A.B. asks: 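The structure follows.
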Amino acid sequence: MSLIERLRSTLPGGPPAPSGDPLLDELRVALSPDRVKVDGAQRSLLGKDASVFDGGNSGPICYPTSTDEVAAIMRIAEAHGRAVVPRGAGTGLAGGAIPLGGPVVIAVTKMNKILEIDEENGVAWVEPGVINLDLTRHLQPLGYHFAPDPSSQQVCTIGGNVANNSGGPHCLAYGVTNAHVAALEIVTAEGEIVMLGGLDAEPDGYDLRGVFVGSEGTLGITTKIAVTLTRNRPAVRTLLLSFESTRDAANTVSGVVAAGIVPAAMEVMDQRITQAVENYVNAGYPTDAGAVLLAEVDGPEAGIDIDAERIRDIGLENNATDVRFAQDDAERAALWKGRKTAFGAVAQIAPDYYLHDTVVPRSKLADVLDEIYAIADRHDVLVMNVFHAGDGNLHPLLIFDGREPGVLDRIHAAGGDIITASLDAGGVLSGEHGIGVEKQKYMDRLFTDDDLDHQNRLRRAFDPVCRANPGKVLPMGHSCADIQHLRSVPAEVWG
Amino acid sequence: MTAVLHTSDPVLTAFADDVGTDGPVAIEGARTRWSLGGPLDDSARILTAPTGVVEYTPEEMIVTVRAGTTVADLHSELATKGQWTALPERGGTVGGAVAVGQNDFRRPARGEVRTSVLQVRYVSAEGRIVSGGGPTVKNVSGFDIPRLITGSLGTLGCIAEVILRTNPIPAIERWFASDDTDPFAVHAALLAPGAILWDGTTTTVQLVGHGVDVDADVTVLTSHGSFVEVEPPEAPSGERWSLAPADLPAVPELGIGPFVAEVGVGIVHAATPQVREPLDPGVRLIHERMKNEFDPAGRLNPGRVVGAH
């Protein structure tokens with residue numbers, strides 16, 4: 001009996017009607033017919049993510065509900081020589097979830113259960129499709145939250161956070177996703193179910209859990225995650241400092257770090273984005289300031305004002321024109337709403353944006369920002385800056401109307417120059433969005449051939465056949481992925 | 001165009017030449033954890049890693065340091081600017097601490113070694129200098145080589161230099177001890193203690209932070225038992241057990257003799273070694289492939305196996 005016949009024989013109510021495509025038939029038997037999609041609308045939608053890059057070429061889209069189903073999909077894909085691309089909410093900005101070469105797409109959105117809150121061990125076990133903010137809302141009454149809080153937290157998934165090692169404003173003090181994952185159940189590209197890490201203090205072996213986080217779906221797919229619980233802080237102080245220039249704001253950030261203070265968050269917005277945000281949400285941001293710094297400290301009530309007042313003083317030393325303390329939770333929430341909806345606010349100005357993501361040494365922030373404004377002028381594009389200043393994590397936002405002929409060429413040219421300026425300042429390619437397809441071609445600007453070769457070795461140890469999300473992260477020539485082979489899937493099958 | 005992470009530091013180049021391209025080789029630090037991973041094969045040439053703090057930028061909270069430097073020397077330099085790292089202070093070297101990957105016994109106060117290694121440079125089995133990670137505190141540019149190397153016992157590459165995240169030393173550190181308290185209740189009651197150690201009888205708590213915060217925590221402590229202020233304890237020694245935090249209340253029933261448990265963390269220091277489960281077959285397969293990818297001839301730290309028991 002063939003595999004497909006064996007699988008079909010186990011189905012209640014008989015097998016689904018054969019489609020004529022063995023891959024599709026096997027997937028439909030392994031899941032259920034309604035959870036394997038091949039219609040054009042679905043494949044078009046899931047061919048893209050939130051980045052500006054052209055859509056890819058998706059094969060069947062699977063919506064598994066269990067680890068065993070994910071493993072079955074992996075084995076079926078392998079038997080048919082097809083790649084697999086994991087997908088969460090598709091909010092990635094580097095093209096990491098774009099399917100290349102007609103892969104089977106594994107969308108984890110139906111694996112969205114919070115499985116267990118284990119307070120004694122300080123973890124929550126969750127499925128990868130759980131939405132970031134849903135998890136935090138679930139934990140809040142118990143006195144905890146999940147620390148990474150990317151701007152997309154209302155829709156992005158924990159699985160996606162794991163894939164991208166996601167950050168967010170409050171990762172300055174608490175660290176990015178990698179610091180908040182104790183254990184991961186994964187399914188490898190060969191269909192093996194493997195537990196990485198553990199709840200014990202120092203699990204044995206290589207830190208494969210740490211390696212998996214941030215690997216952008218290229219080492220397999222996570223099906224169960226033990227995230228660490230972060231205790232809610234009893235006291236919070238939120239300050240809004242206004243400056244005449246982004247340079248003064250950036251220097252304040254450097255000064256705070258140099259003073260040995262690690263605030264919960266330090267976010268800078270320049271005048272253009274501040275005006276857009278204020279117009280959008282009326283949060284009380286000063287529209288006449290050249291830049292604002294939103295700083296937050298948290299901790300025990302007793303000493304909370306010590307750091308808050310030092311930040312105020314350092315701001316004043318750096319020419320702050322106004323310092324405002326949020327008076328209550330409502331004011332604090334309004335300020336954060338403004339910051340977190342900044343990217344939506346720019347829609348008033350132009351319909352499209354390209355959000356960049358580089359990191360520079362904090363002491364170079366002011367210089368690199370000046371350079372970014374000059375780059376935008378040079379390429380005749382509009383740039384706004386809103387960024388995680390405390391980490392040195394820049395997010396230049398290039399605003400444009402995609403209907404304007406030739407504009408994307410200028411946007412990409414400006415983006416390339418911003419990356420170059422960041423690397424020249426001693427920075428790195430990405431702080432929290434990942435490499436995806438966006439920055440592969442810049443990887444050899446940061447790393448040597450030997451460095452990239454070793455990254456590829458790491459990848460091969462998990463996935464020797466390069467079937468998990470091929471064509472991402474490592475540049476062509478350094479990747480084991482043979483995209484040409486994957487592209488050989490007959491066009492008439494999956495278009 | 002030269003890659004940003006390319007190095008032409010002659011000290012590192014000389015180290016790469018020493019490692020060479022063939023023959024078994026091992027790097028020794030201070031040999032404080034020399035037996036981990038099993039006995040070293042007699043055939044190995046034993047080398048030491050280069051030493052020295054290369055660059056320290058306290059305002060960036062990062063330090064570039066060569067692997068042979070002792071943690072004590074590193075921390076004494078950082079202390080001049082009121083900072084430290086997560087590396088444990090127990091007589092070893094920076095490279096040794098990174099290769100072993102074990103945390104300080106005051107882990108909540110100090111942070112984790114694995115999250116503090118931002119960039120690593122090592123000499124590969126082919127004698128090449130390889131860099132991974134980067135010099136910034138936040139970075140997702142490519143695969144996480146620093147995570148792989150941290151705790152790899154020198155089996156994947158000879159660690160030459162690292163960039164570590166530094167942290168401010170808290171304004172106040174004080175220790176308190178009690179014989180009539182529940183350490184787990186204390187752990188639940190305190191927001192962010194530096195460490196809670198428990199030997200089955202005595203609970204020893206480190207409080208860190210601003211003076212007023214420590215004072216407030218002292219009030220919390222006194223509501224949980226008769227605490228008295230004590231001198232900072234010595235780092236616990238002996239065998240190291242890795243348990244889940246929820247396993248700790250049952251440690252006295254394990255019959256392992258005198259112990260010191262890190263409450264909330266899960267490490268237990270005892271005279272008896274822990275009998276660990278072998279790695280899951282799926283995990284073992286990835287381990288074997290990883291070793292084979294990075295060191296196909298098996299020349300790096302021969303005899304040592306990560307995760308072997």
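Every chain is numbered from 1 and lettered A, B, ... according to where its sequence line falls, protein lines coming before strand lines. Bear in mind that the values here come from a model prediction, so they are computed numbers and not experimental data.
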A.B. asks: Based on non-hydrogen pairs under 4.5 Å, which of Ala259(A), Ala179(A), Ser430(A) is most in contact with chain B?
C.D. replies: Ser430(A)
A.B. asks: Which residue out of Ala244(B), Gly133(B), Gly157(B) racks up the most heavy-atom pairs below 4.5 Å with chain A?
C.D. replies: Ala244(B)
A.B. asks: Is Leu452(A) close to chain B through its backbone or its side chain, or both, or neither, when contacts mean heavy atoms under 4.5 Å?
C.D. replies: neither
A.B. asks: Looking at Ser363(A), Gly392(A), Gly214(A), Gly167(A), which makes the most heavy-atom pairs under 4.5 Å with chain B?
C.D. replies: Ser363(A)
A.B. asks: Are His454(A) and Tyr122(B) an aromatic pair, judged by ring center distance below 6.0 Å?
C.D. replies: yes
A.B. asks: Given that the side chain runs from C-beta out, which part of His433(A) has a heavy atom under 4.5 Å from chain B: side chain, backbone, both or neither?
C.D. replies: backbone
A.B. asks: Which bit of Asn393(A) is near chain B, if near means a heavy-atom gap under 4.5 Å: side chain, backbone, both or neither?
C.D. replies: side chain
A.B. asks: Name the option with the most non-hydrogen atom pairs under 4.5 Å to chain B; the candidates are Leu429(A), Leu446(A), Val473(A).
C.D. replies: Leu446(A)
A.B. asks: Count the heavy-atom pairs under 4.5 Å between each of Leu219(A), Asp391(A), Asp424(A), Asn164(A) and chain B, then report the option with the highest count.
C.D. replies: Asp391(A)
A.B. asks: Measure Leu243(B) against the heavy atoms of chain A and call it side chain, backbone, both or neither at under 4.5 Å.
C.D. replies: backbone
A.B. asks: Which bit of Ser131(B) is near chain A, if near means a heavy-atom gap under 4.5 Å: side chain, backbone, both or neither?
C.D. replies: both
A.B. asks: Between Arg240(B) and Glu202(A) (salt bridge meaning N to carboxylate O under 4.0 Å), is one present in this structure?
C.D. replies: yes
A.B. asks: Run the side chain to side chain contact (heavy atoms under 4.5 Å, CB included) test on Asp307(A) and Arg310(A) for me, step by step, so that the C-alpha distance in whole Å, both residues' side-chain angles and the decisive distance to 0.1 Å come before the verdict.
C.D. replies: CA-CA 5 Å; Asp307(A) 285 343; Arg310(A) 284 174 75 195; 4.0 Å; yes
A.B. asks: Going through the checks in order, is the salt bridge (Lys or Arg N to Asp or Glu O under 4.0 Å) test met by Glu293(B) and Arg457(A)?
C.D. replies: CA-CA 6 Å; Glu293(B) 287 282 356; Arg457(A) 294 180 195 211; 5.1 Å; no
A.B. asks: Below 4.5 Å, heavy-atom pairs only: which of Met290(B), His6(B), Lys81(B) has the largest tally toward chain A?
C.D. replies: Met290(B)
A.B. asks: Pick whichever of Pro245(B), Ala192(B), Gly282(B) has the most heavy-atom pairs under 4.5 Å with chain A.
C.D. replies: Pro245(B)
A.B. asks: Donor-acceptor check, side chain of Gln119(B) to backbone of Ile163(B), threshold 3.5 angstrom: yes or no?
C.D. replies: no
A.B. asks: Is it the side chain or the backbone of Val360(A) that comes within 4.5 Å of chain B heavy atoms, both, or neither?
C.D. replies: backbone
A.B. asks: Glu126(B) vs Arg128(B), test: salt bridge (Lys or Arg N to Asp or Glu O under 4.0 Å). Steps then yes/no.
C.D. replies: CA-CA 6 Å; Glu126(B) 293 86 8; Arg128(B) 310 283 296 178; over 6 Å; no
A.B. asks: Are Gln102(B) and Val113(B) close enough that some pair of their side-chain heavy atoms sits under 4.5 Å apart?
C.D. replies: no
A.B. asks: Take Thr188(A) and Asp463(A) through the side chain to side chain contact (heavy atoms under 4.5 Å, CB included) test and state the conclusion after the steps.
C.D. replies: CA-CA 7 Å; Thr188(A) 68; Asp463(A) 178 18; over 6 Å; no
A.B. asks: Ignoring hydrogens and angles, tell me if any N or O in the side chain of Asn103(B) forms a donor-acceptor pair with the backbone of Pro88(B) under 3.5 Å.
C.D. replies: no
A.B. asks: Under 4.5 Å heavy-atom distance to chain B, tell me which part of Asp118(A) shows up: side chain, backbone, both or neither.
C.D. replies: neither
A.B. asks: Counting distance only, does the side-chain N/O of His180(A) pair as donor-acceptor with the main-chain N or O of Gly175(A) below 3.5 Å?
C.D. replies: yes
A.B. asks: So which of Val265(B), Ile267(B), Thr115(B) has the biggest tally of heavy-atom pairs under 4.5 Å with chain A?
C.D. replies: Ile267(B)
A.B. asks: Please flag which part of Asn232(A) lies under 4.5 Å from any non-hydrogen atom of chain B: side chain, backbone, both or neither.
C.D. replies: backbone
A.B. asks: Select one option (side chain, backbone, both, neither) describing which atoms of Val262(A) are under 4.5 Å from chain B's heavy atoms.
C.D. replies: side chain
A.B. asks: Relative to chain B, which of Gly210(A), Ala182(A), Ala258(A) shows the most heavy atom pairs under 4.5 Å?
C.D. replies: Gly210(A)
A.B. asks: Contact between Val268(B) and Val260(B) at the side-chain level, heavy atoms closer than 4.5 Å - yes or no?
C.D. replies: no
A.B. asks: Below 4.5 Å, heavy-atom pairs only: which of Arg233(A), Arg362(A), Glu192(A) has the largest tally toward chain B?
C.D. replies: Arg362(A)
A.B. asks: Relative to chain A, which segment of Ile62(B) carries a heavy atom at a distance below 4.5 Å: side chain, backbone, both, or neither?
C.D. replies: neither
A.B. asks: Can a donor-acceptor pair be found, under 3.5 Å and without considering hydrogens, that links the side chain of His287(B) to the backbone of Val283(B)?
C.D. replies: yes
A.B. asks: What part of Leu458(A) is in contact with chain B, defined as an atom under 4.5 angstrom from a non-hydrogen atom: side chain, backbone, both or neither?
C.D. replies: both
A.B. asks: Do Lys364(A) and Glu60(B) come close enough that some side-chain heavy atom pair is under 4.5 Å?
C.D. replies: no
A.B. asks: Tell me, side chain or backbone of Val211(A) under 4.5 Å from chain B's heavy atoms, or both, or neither?
C.D. replies: both
A.B. asks: Tell me, out of Gly132(B), Ser141(B), Gly266(B), who's got the most heavy-atom pairs with chain A below 4.5 Å.
C.D. replies: Ser141(B)
A.B. asks: When you measure from the side chain of Ser152(B) to the backbone of Leu156(B), do you find a donor-acceptor pair of N or O atoms at a distance under 3.5 Å?
C.D. replies: no
A.B. asks: Output yes when a side-chain donor or acceptor of Thr218(A) lies under 3.5 Å from a complementary backbone atom of Ser215(A), and no otherwise.
C.D. replies: yes
A.B. asks: Which answer fits Glu190(A), side chain, backbone, both or neither, if we ask what part of it has an atom under 4.5 Å from a heavy atom of chain B?
C.D. replies: side chain
A.B. asks: Most heavy-atom pairs under 4.5 angstrom with chain A, which of Val212(B), Asp144(B), Val130(B)?
C.D. replies: Val130(B)
A.B. asks: Quick one: what part of Arg107(B) sits under 4.5 Å from any heavy atom of chain A, side chain, backbone, both or neither?
C.D. replies: side chain
